Peer 1: 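The structure that follows is given in the form of structure tokens.
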There are 2 protein chains.
Amino acid sequence: MKRITIRDVSERAGVSTAAVSYVLNGREGKVSQETASKVRRAASELNYIPDFSARSLAGTRSKLIGVVIPQTEDQKQLLLQNPFYSELVCGIEARLRQSGYHMILSGVDKGEGYLDTSMQRNLDGAIIMGIYQESFYDDLKRVKVPIVLIDSYVNDSYFQTVSIDDEAGGYMATKLLIDNGHTNIALVTGLIRKDGVVEKRFLGYKRALKEAGLFYNSDYVFEHSVSYEYGQEAAAALAAGHPEITAVFATSDLVALGVLRGLSDAGKRVPEDVSVVGFDDIPVARMCNPPLTTVRQNIVARGAMAADRLLKAIEEGEDSVADDPSVARLELAIRQTVQRLMPN
Amino acid sequence: MKRITIRDVSERAGVSTAAVSYVLNGREGKVSQETASKVRRAASELNYIPDFSARSLAGTRSKLIGVVIPQTEDQKQLLLQNPFYSELVCGIEARLRQSGYHMILSGVDKGEGYLDTSMQRNLDGAIIMGIYQESFYDDLKRVKVPIVLIDSYVNDSYFQTVSIDDEAGGYMATKLLIDNGHTNIALVTGLIRKDGVVEKRFLGYKRALKEAGLFYNSDYVFEHSVSYEYGQEAAAALAAGHPEITAVFATSDLVALGVLRGLSDAGKRVPEDVSVVGFDDIPVARMCNPPLTTVRQNIVARGAMAADRLLKAIEEGEDSVADDPSVARLELAIRQTVQRLMPN
DNA sequence: TGATTTAAGTTAAACGCTTTAACCAAATCG
DNA sequence: CGATTTGGTTAAAGCGTTTAACTTAAATCA
């Protein structure tokens, strides 16, 4: 399939290639209405498709966005198995496509090497999900291209963020349990790093307890990793060691699912014996058995927000960047894993 | 960040840019060991990163692979929510990255417009999942670039495929149920199109029945769409209309999960009253309650296979393409949704 | 020894596009 | 009426690579 170039179009329209370029890039005022329409006609008759490599080389936009998600430690695979990330990617892709951009999706190895990718491909911008080591963010800044962070509390005004109020979410979940009469409420969660998503949710948990006049008992927090397996493990430990616990707040649905299984294996019924609330509302949350009560964030919408912000920054230049972080809305998805505690 | 070009490297090494290019692309024999190492040193001292746009323009490989997955009808979003696709993408991405390629992930609108993308970006190849209208494949062929199809029985030797033995899988699932004493076995499935994945599984189902001397009863096949919702719906219908049914084969785990819910809503217990077997073994299959017995295909591995095939075709040229389709292995994942039927 | 092949590099064109400086009428001005 | 502006257009210079064609020097051969 022979490539149709801008030159072919210009010849057909009887104008110069520059004129064609002007028309096709919407440089108003540089060209008369008449030639503009001649050019457009020629282009569509020839079925002209611009070559983005050439465009990119010539110094304009590549219309390529880098999207980074964490990868599994062992296999070096994308963490796309985590529905949370897939959903985000869905939201991002749809919005980018709609604006004529394409997405290069990749995992990064310990935060290294992405600088190369970015330069090789002349990326116009990037969306980064997850948390990486410091040096990764330094690299990112050196590329001098707009960047949006999702799920990250990196404190640097260079980056834009699209976040949720994790603290409020943690509070909502815990409050729901308290309102249902629970007082011994466990927290099952990934590692609580300083300034991480998880820490905020943890803080919300503590605030709710305090507000209700309940003691915060550090024996009730099970903290390790964000995975189904850990949820299961923690539930087993908790059922065995703390029979007085009647409710669990898991800071991620994936973990909550594990908790469900762990409790069931330990002979506890949900929600009769123990209530459980998760966080995220990934699609499985409503498919599992019993359907999981959880804190819903509209993940797809959040992806779209991130894309919007990025595109805005790219197209309207640095100046347009709002430095208030976008904060997506949160609500409770009440399903069947929380039950009022019957005083016995 | 000023871009370091091949010219900078050449000057530093005291050779021509051509020499640098030869060295960096491993053109053996064009250049002496001595200059080669001078060049390499210079390149690494300057931290040279080649510009892929320029490479692509100059007529060599873009090192970009297009990956296409279906999108939802309504929202125009990627169907990445379906874990089956996410897993494939994981496998593909890991392998591509490892070989220095990048992936442009996108959905296509009714099979249209992808030709453009492909030409704009000078894609080196593409991996297509799902099934599209005829014209899409015609477009694909016109780009003259290697293409691997996943989950598609398009009968055209131009395309390479990475498939599984769907018929055998359908047979395995059904046989498992028969071996457990079931005779009234329903099939819940997406639309059975001619030459589709689903048809093959359906054929396996029929073969197992026939082989066991059981009647094929078309009232027992519930055929509509591959979704949780439909599984739920079908299960309701089946429980209400055919109480004699004691087992269900769902041709996809997503559907099977719906069936689980539908049965439970209808007051049927799984596996005590009705046994269920799914297909795919997506991660949720082991997380749901009870854990789903299903036909396992190693989805991630299949993605990797697809990537391997594609890279081979790209790097070793057309001639190297094996025209035997790769067929991935299948096995039963026995969990807790199938029970021996007690004669009453 | 002289002719010929080979090895090691270099030069310069090409890839398809954007963009700037220059150009040319035609219109406007003093 | 000559000088200046202006709207419209063009030719040409990159952008960073690759590669075919060419050069030169050294090695091989008869």
Side-chain angles (χ1 to χ4, degrees), chain A residues 1-40 42-43 46-64 100 116 118-124, chain B residues 1-40 42-43 46-64 100 116 118-124:
Chain A
M1 204 176 183
K2 179 85 189 60
R3 175 151 215 124
I4 306 290
T5 75
I6 203 173
R7 158 138 283 118
D8 298 323
V9 177
S10 75
E11 278 167 8
R12 170 143 200 162
V15 297
S16 73
T17 64
V20 176
S21 175
Y22 285 141
V23 172
L24 268 31
N25 294 307
R27 282 270 190 298
E28 299 301 332
K30 295 292 288 184
V31 99
S32 69
Q33 283 304 317
E34 196 183 355
T35 27
S37 64
K38 266 194 306 191
V39 167
R40 263 187 279 272
L46 291 174
N47 210 325
Y48 167 70
I49 296 169
D51 181 319
F52 279 47
S53 303
R55 267 203 184 154
S56 164
L57 223 210
T60 38
R61 304 279 85 95
S62 66
K63 295 261 182 183
L64 267 185
D116 292 9
S118 180
M119 304 234 47
Q120 285 171 339
R121 302 288 183 191
N122 289 114
L123 301 183
D124 286 348
Chain B
M1 202 176 187
K2 178 85 189 66
R3 174 151 219 124
I4 306 290
T5 75
I6 202 173
R7 158 140 283 117
D8 299 322
V9 177
S10 76
E11 278 166 10
R12 172 147 200 155
V15 297
S16 71
T17 64
V20 175
S21 175
Y22 288 138
V23 172
L24 267 32
N25 294 304
R27 280 274 190 297
E28 299 300 334
K30 288 295 287 184
V31 99
S32 71
Q33 284 302 320
E34 195 185 354
T35 27
S37 64
K38 268 194 306 191
V39 167
R40 263 188 280 270
L46 291 174
N47 211 325
Y48 167 70
I49 296 168
D51 182 321
F52 280 44
S53 303
R55 274 205 177 150
S56 164
L57 223 210
T60 39
R61 304 279 82 99
S62 66
K63 296 258 183 185
L64 268 185
D116 292 9
S118 177
M119 305 231 50
Q120 285 171 336
R121 301 288 184 191
N122 291 114
L123 300 183
D124 286 349

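A quick note: this is a predicted structure, and the numbers were derived from the prediction, not measured. Naming convention: chains lettered A, B, ... in sequence-line order (proteins, then strands); numbering from 1 in each chain.
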Peer 1: How long is the line joining CE of A/M119 and P of D/dG16, in whole Å?
Peer 2: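 About 10 Å, once rounded to whole Å.
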Peer 1: With a 4.5 Å limit on heavy-atom distance, are the side chains of A/V39 and A/L24 in contact?
Peer 2: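 Yes, their side chains come closer than 4.5 Å.
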Peer 1: Quick one: list whatever passes side-chain hydrogen bond (donor to acceptor under 3.5 Å, both in side chains) with A/T17, sequence neighbours left out.
Peer 2: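 Not a single residue meets the side-chain hydrogen bond (donor to acceptor under 3.5 Å, both in side chains) criterion with A/T17.
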Peer 1: Under 3.5 Å between N/O atoms: give me all the protein pairs with nucleotides 14-18 of chain C, atom names plus distance.
Peer 2:
unit_1	atom_1	unit_2	atom_2	d
C/dC15	O2	B/L57	O	3.3
C/dC15	O2	B/A58	N	3.3
C/dG16	N2	A/A54	O	3.4
C/dC17	OP1	A/Y48	OH	2.6
C/dC17	OP1	A/D51	N	3.3
C/dC17	OP2	A/I6	N	2.5
C/dT18	OP1	A/N25	ND2	3.2
C/dT18	OP1	A/R55	NE	2.8
C/dT18	OP2	A/S21	OG	3.0

Peer 1: Check side-chain hydrogen bond (donor to acceptor under 3.5 Å, both in side chains) between A/D124 and all other residues, then give those that pass, not counting sequence neighbours.
Peer 2: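 Scan of A/D124 (side-chain hydrogen bond (donor to acceptor under 3.5 Å, both in side chains), adjacent residues dropped) gives A/S62.
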Peer 1: Would you mind building the protein contact string for nucleotides 21-27 of chain C? One character per nucleotide, 5' to 3', B for base within reach (heavy atoms under 4.0 Å), S for sugar-phosphate only, - for untouched.
Peer 2: -------
Peer 1: When you measure from the side chain of B/S16, which nucleotide among D/dT10, C/dG9, C/dT10 comes out closest?
Peer 2: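 It is C/dT10.
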Peer 1: Please list all pairs passing the salt bridge (charged side-chain N to carboxylate O under 4.0 Å, His left out) test where one or both residues lie in residues 12-23 of chain A, with sequence neighbours left out.
Peer 2: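 Sorted result for residues 12-23 of chain A: A/R12-A/E45.
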Peer 1: A side-chain contact here means heavy atoms from C-beta on lying under 4.5 Å apart; do A/M119 and B/D51 qualify?
Peer 2: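 Side chain of A/M119 against side chain of B/D51, heavy atoms only: no contact under 4.5 Å found.
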Peer 1: So what does B/S56 touch, heavy atoms closer than 4.0 Å: a base, only the sugar-phosphate, or nothing?
Peer 2: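 The residue B/S56 makes no contact with any strand.
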Peer 1: For the helix from C/dT1-D/dA30 to C/dG30-D/dC1, figure out the bend between the end axes, five pairs an end, and round to 10 degrees.
Peer 2: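 Axis angle across the helix from C/dT1-D/dA30 to C/dG30-D/dC1, nearest 10°: 50°.
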Peer 1: On a heavy-atom basis, which atom in A/S56 and which in B/S53 lie closest, and how many Å separate them?
Peer 2: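 Residues A/S56 and B/S53, closest heavy atoms: OG-OG, 2.9 Å.
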Peer 1: Do you know the tightest heavy-atom contact between B/K63 and A/R121?
Peer 2: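 Here B/K63 and A/R121 meet closest at O-NH2, 2.7 Å.
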Peer 1: Nearest-Å distance, CD (A/E11) to P (D/dT10)?
Peer 2: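 Going from A/E11 (CD) to D/dT10 (P), I get 12 Å.
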Peer 1: Any idea which heavy atoms bring B/I4 and B/Y48 closest together, and the distance?
Peer 2: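 Closest heavy-atom pair between B/I4 and B/Y48: O-CD1, 3.4 Å.
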Peer 1: On a heavy-atom basis, which atom in A/D8 and which in A/R3 lie closest, and how many Å separate them?
Peer 2: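 In this case the closest contact between A/D8 and A/R3 is OD2-O, 3.8 Å.
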Peer 1: Could you walk me through whether B/N122 and B/L64 pass the side chain to side chain contact (heavy atoms under 4.5 Å, CB included) test, one step at a time?
Peer 2: CA-CA 8 Å; B/N122 291 114; B/L64 268 185; over 6 Å; no
